Protein chains: 2
Amino acid sequence: MAAQIVEQATRLFAARGFVGASLQDIAKAVGIRKPSLLYHFPSKDDLRRSVLEQMLEHWNEVVPKILRAATSGHEQFDAIGEETIKFFSEDPDRARVLLRELLDRPDEMGPLVRKHVQPWTEVVASYIRKGQAQGRVHPDVDPEAYVSAVINLILSTIAVHAVVGPVLGGESSSSEAIQPRLLDEVLRVARSALFLPEPATPAALPRSS
Amino acid sequence: MAAQIVEQATRLFAARGFVGASLQDIAKAVGIRKPSLLYHFPSKDDLRRSVLEQMLEHWNEVVPKILRAATSGHEQFDAIGEETIKFFSEDPDRARVLLRELLDRPDEMGPLVRKHVQPWTEVVASYIRKGQAQGRVHPDVDPEAYVSAVINLILSTIAVHAVVGPVLGGESSSSEAIQPRLLDEVLRVARSALFLPEPATPAALPRSS
DNA sequence: CCTACCGATCGGTAGG
DNA sequence: CCTACCGATCGGTAGG
């Protein structure tokens, strides 16, 4: 039961925001009365925290899988981007709730981001630095800033795809499915802003032209 | 007076969202009573539309200046990015209000984006296509998707900088000013995802190596 | 898990 | 531009 409440709360918080989605609305979506909902979650704020907690829990399950696949090289960095995109696009409400919370409660989200996002950000950043030392990655990439930018890009692209997507394809393109064009371009942008174009054997084969 | 109301409404809508900011709050910030506010704006929704309108008005003043400077070439594309960043970072509340509206009212924002953003998106896209024909721009750039991605990137980076910025610099870095590191990297990502690395004289000087 | 109910606050109006 | 007031809805509680 608690799981269904969290599920519907996520849906409605994502669509209408925390203050915009009433306990009444959420209870009705679950099929119970408001006081029954307040038996499972003592307050609306407790429910909000549970929604975030469940999301970060799922995220923490997925992170090791992402990082394991990513030792180095082009394909592995693609894997990081693809898995991150998969996490958010298999339920865009995750991106919307997260973005809303970042806007609504920056002071509260700071520590949460520091706890759940910064660690793997630093792992990815260290891979980037290693890539720079090996001459595979652009030397002027700011590793931490790059990772932040790509996360922001993925998050916002998926969160607002319903309005930005249809603007691209003048066609019907129902407002439900995410346009692959957008996500493909996001990945391409992230990739080509990172890697040097040529294998570039910097010192190994000093064959001067 | 109406201008002060719109100004404070923008501030509070940006910080707390449309439903989270009450007419009471806004009136108090202006220094008048709620019914006086409702004399200038017949309803809260009218005030919301005025906030959006004023923002898009300012945006429309800035767009021609941006496009005029951008005929072609590297520096001109940088100018587009820099001016767009300037527009939002000189008042980050613009980015926040816009992002909130995209999340809150996708169906209403669709037409607005189509009207105010799509036209210049297509101008920029056509520059990109010209650059591709001349071999200056990566051939696998999807012009419209690229522009959408960069707008999303700028918008979200500025909107949530207060929480993402401090995560980067472990130092004090007060939560007010936007970290130049972030914006510099955003510009670098946008630039290096667009242009081919070399001048690459494709057919003009067929000096085979 | 429910019915019944609470004070507080919401957007908005009447009337001056 | 104000005071006074409206019905509706909010999150939450009592009590079973």
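This structure is a prediction, so every number in the text was calculated from the model and none was measured. Numbers restart at 1 for each chain; the letters A, B, ... are given by sequence-line order, proteins then strands.
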Item to check | Selected nucleotide, minimal atom distance to B:Leu38 side chain, candidates D:dG11, D:dT3, C:dG12 | outcome: C:dG12

Checklist entry - The side chain of B:Met1 lies closest to which of these nucleotides: C:dG12, C:dT13, D:dC1? => result D:dC1

Checklist entry - Within the side chain of A:Arg100, is there an N or O that forms a donor-acceptor pair under 3.5 Å with the backbone of A:Ala14? => result yes

Checklist entry - Which nucleotide sits closest to the side chain of A:Tyr39: C:dG12, C:dC1, D:dT13? => result C:dC1

Checklist entry - Between atom NZ in A:Lys44 and atom C1' in D:dT9, what is the gap in whole Å? => result 12 Å

Next on the checklist: Donor-acceptor pair, distance only, cut-off 3.5 Å: does the side chain of B:Gln132 make one with the backbone of B:Pro139?
Outcome noted: yes

Checklist entry - Which part of the nucleic acid does B:Ser36 contact within heavy-atom distance under 4.0 Å: base, sugar-phosphate only, or nothing? => result base

Checklist entry - What is the nucleic acid contact for B:Ile32, judged by heavy atoms within less than 4.0 Å: base, sugar-phosphate only, or nothing? => result sugar-phosphate

Checklist entry - Can A:Arg48 be said to sit on top of A:Phe18's aromatic six-ring, NZ or CZ under 6.0 Å from centre and within 45° of the ring axis? => result yes

Next on the checklist: Going by purine N1 to pyrimidine N3 plus the second Watson-Crick contact, or the G-U wobble pair, all under 3.5 Å, which nucleotide sits opposite D:dC1?
Outcome noted: C:dG16

Next on the checklist: Whole angstroms only, please: what is the CZ-P distance between A:Arg33 and D:dG16?
Outcome noted: 21 Å

Item to check | Check: D:dG11 base within 3.5 Å donor-acceptor of A:Lys34 side chain | outcome: yes

Checklist outcome for this item: Picking from C:dG12, D:dG12, C:dG11, the nucleotide nearest the side-chain atoms of B:Ser22 would be C:dG11

Checklist entry - Is the side chain of A:Asp184 donor-acceptor paired with the backbone N or O of A:Arg181 at a distance under 3.5 Å, no angle test? => result no

Checklist outcome for this item: B:Gln24 CD to D:dC2 P, in whole Å, measures 12 Å

Next on the checklist: Taking the minimum atom-to-atom distance to the side chain of A:Leu23, which one of C:dC10, D:dG11, C:dG12 wins?
Outcome noted: D:dG11

Checklist outcome for this item: Tightest non-hydrogen contact, residues B:Leu102 and B:Met109, listed as CD2-CB, 3.9 Å

Checklist entry - To the nearest Å, how far apart are B:Asp25 CG and C:dA8 C1'? => result 14 Å

Item to check | Whole-Å gap separating P (C:dC10) and CG (B:Asp45) | outcome: 17 Å

Item to check | Atom pair distance, as rounded to whole Å: CD1 in A:Ile26 and P in D:dC10 | outcome: 11 Å

